[in-house]
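The structure under discussion appears below in the form of structure tokens.
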Number of protein chains: 2
Amino acid sequence: MAIELRPSQALRLLHELSLAQVRDDAPDLSPRQLAILLSVYLEAPPHTVRGLAARLGVTKPVITRALDTMGQLRLVSRRRDEADRRNVIIQRTVEGALYLERLGDLVVATARSLPR
Amino acid sequence: MAIELRPSQALRLLHELSLAQVRDDAPDLSPRQLAILLSVYLEAPPHTVRGLAARLGVTKPVITRALDTMGQLRLVSRRRDEADRRNVIIQRTVEGALYLERLGDLVVATARSLPR
DNA sequence: GGGGAACAATCCGCAGCCGTAACGATTGCG
DNA sequence: CGCAATCGTTACGGCTGCGGATTGTTCCCC
């Protein structure tokens, strides 16, 4: 069953979500950071800087910096690939999983409260 | 009918949307800017700097700067309130309406393509 | 084994946004 | 009237992210 949604409902949903994100003290991730985080958690591992840069269509330093920031927030972690030590494997963390879990719940709750 | 959505679908939706936004050459608005834009277009006018600041829980300069940026992008415009010349009324523009229309359509299309 | 390729990180200058604190204009109340 | 309050903007110092170029390490292949 596809998700049926009208444009007006879609915009209301975005509205509520953006308001919640802005008001949260939670460190609001930039669109790029969120895209990286979701790619790491939703797509099949392994994830490398190179791969993520290609996936998002941005340069590698962008990925490195975003990982620096989100690493400090404990949302992801990095590990050397021992099989090929040039690679860095981006790993999920408990905190990152919790963050996305709460985010998903927020979306669900917001969608449910939309007027029909 | 409430919108039924599972958390995993919600996250997939956010994933696709953030990827689309990052890859677009379109000037990707910050969460705050998007919240302001949606408030202006979805909530009843009139909109003032003061009111938007209170609505988002941020300081007034944040609103002023966001309006500067989005004004240059022609997404919103400003006008003095002639009844009380201390106030500034934030107005919608054709470009802003088009921007949101496209955004809404993107969300709808993405939601429709989600696996069930 | 040596040289080039691949990879992530770092450096650099730059632009944008932040919060706090001021400021000028306008209003309305005492 | 005049003076405090309100409103939006601007100034300031700081922080973060950006693109592009470079660096150091590791691998691969001849």
Side-chain angles (χ1 to χ4, degrees), chain A residues 18-19 21-40 45-92, chain B residues 18-19 21-40 45-92:
Chain A
S18 61
L19 283 178
Q21 186 181 8
V22 169
R23 280 197 276 242
D24 261 7
D25 286 335
D28 60 48
L29 301 180
S30 74
R32 289 177 172 204
Q33 291 170 335
L34 184 60
I36 293 170
L37 190 63
L38 285 165
S39 293
V40 168
H47 298 285
T48 64
V49 173
R50 174 84 173 164
L52 288 171
R55 181 98 176 93
L56 302 199
V58 298
T59 59
K60 287 184 288 180
V62 168
I63 305 295
T64 295
R65 282 185 297 250
L67 293 178
D68 289 343
T69 302
M70 292 194 291
Q72 279 186 326
L73 299 174
R74 310 282 175 199
L75 296 178
V76 296
S77 71
R78 276 183 279 199
R79 176 176 59 80
R80 273 282 162 199
D81 180 359
E82 290 304 328
D84 182 343
R85 292 186 49 77
R86 289 173 303 180
N87 287 337
V88 163
I89 305 294
I90 291 95
Q91 294 182 298
R92 303 165 186 172
Chain B
S18 60
L19 283 178
Q21 187 181 8
V22 168
R23 281 198 275 243
D24 260 6
D25 286 335
D28 59 47
L29 300 180
S30 74
R32 290 179 171 202
Q33 291 170 334
L34 184 60
I36 293 170
L37 189 63
L38 285 164
S39 293
V40 168
H47 299 284
T48 65
V49 172
R50 176 85 173 160
L52 288 171
R55 182 96 176 97
L56 302 198
V58 298
T59 58
K60 288 184 291 178
V62 169
I63 305 295
T64 294
R65 284 185 293 249
L67 292 179
D68 288 343
T69 302
M70 292 194 291
Q72 280 187 323
L73 298 174
R74 309 283 176 200
L75 296 178
V76 296
S77 71
R78 276 184 279 200
R79 176 175 60 80
R80 273 282 162 203
D81 179 359
E82 290 302 329
D84 182 343
R85 294 185 48 76
R86 289 173 302 181
N87 288 337
V88 163
I89 306 294
I90 292 93
Q91 295 182 296
R92 303 166 186 171

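We use all heavy atoms of the structure for the numbers below, so side chains are in, but hydrogens, waters and symmetry mates are not.
In this entry the distance linking CG of A/Leu67 with C1' of C/dC7 reads 14 Å, nearest Å. Whole-Å rounding puts the A/Ile90 CD1 to C/dA8 C1' distance at 10 Å. Rounded to whole angstrom, the span from the CG atom of B/Leu29 across to the C1' atom of C/dC17 amounts to 14 Å. In this structure, A/Ile36 places its CD1 atom 13 Å from P of C/dA8, rounding to the nearest Å. In this structure, the CG atom of A/Leu56 is 11 Å from the P atom of D/dC18, given to the nearest Å. The interatomic distance linking B/Met70 (CE) with C/dG16 (P) rounds to 15 Å, in whole Å. Rounded to whole Å, the distance from CD on B/Gln72 to P on C/dG16 is 8 Å. Summarising the geometry, the separation between NE2 on A/His47 and C1' on C/dC7 is reported as 18 Å, rounded to the nearest angstrom.
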Report the C-alpha distance between B/Ile89 and B/Glu82 in whole Å, list the side-chain angles of each, state the deciding distance to 0.1 Å, and finish with yes or no for side-chain contact (heavy atoms from CB on, under 4.5 Å).
CA-CA 10 Å; B/Ile89 306 294; B/Glu82 290 302 329; over 6 Å; no
What do the steps show when you test A/Val49 against A/Asn87 for side-chain contact (heavy atoms from CB on, under 4.5 Å), and what is the final call?
CA-CA 8 Å; A/Val49 173; A/Asn87 287 337; over 6 Å; no
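Residue A/Arg32 has its side chain nearest to D/dG19 when only C/dG19, D/dG19, D/dT9 are considered.
Note: A/Met70 CE to A/Ser30 OG = 8.0 Å, rounded to the nearest 0.5 Å. Atom-to-atom distance recorded for B/Leu38:CG and B/Leu34:CG is 4.5 Å, nearest 0.5 angstrom. A/Leu73 CG to A/Gln33 CD: the interatomic distance, rounded to the nearest 0.5 Å, is 7.5 Å. Rounding to the nearest 0.5 angstrom, the gap separating the CD1 atom in B/Ile63 from the OG1 atom in B/Thr48 is 9.5 Å.
Applying the 4.0 Å criterion to OP1 and OP2 of D/dG17, one finds that A/Thr69 has a side-chain N or O inside that range.
In this structure, the side chains of A/Leu19 and B/Arg55 come closer than 4.5 Å at one or more pairs of heavy atoms.
Within 4.0 Å (heavy atoms only), A/Val58 reaches no atom of the nucleic acid at all. Using a 4.0 Å heavy-atom cutoff across all strands shown, A/Thr48 reaches sugar-phosphate atoms only and no base atom.
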For nucleotides 10-14 of chain C, print each protein N/O atom paired with a nucleotide N/O atom at under 3.5 Å, atom names and distance only.
none

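Remark: B/Asp84, B/Arg85, B/Arg86 in residues 80-88 of chain B come within less than 4.0 Å of DNA chain C through at least one heavy atom.
In terms of modelled atom types and a separation under 3.5 Å, the side chain of A/Arg92 and the main chain of A/Val40 share a donor-acceptor contact.
Scored by the side chain to side chain donor-acceptor pair (under 3.5 Å) test, B/Asp84 finds B/Arg86 as partners (sequence neighbours excluded).
In terms of position on DNA chain D, the residue among A/Gln33 and B/Arg50 whose nearest nucleotide sits closer to the 5' end is B/Arg50.
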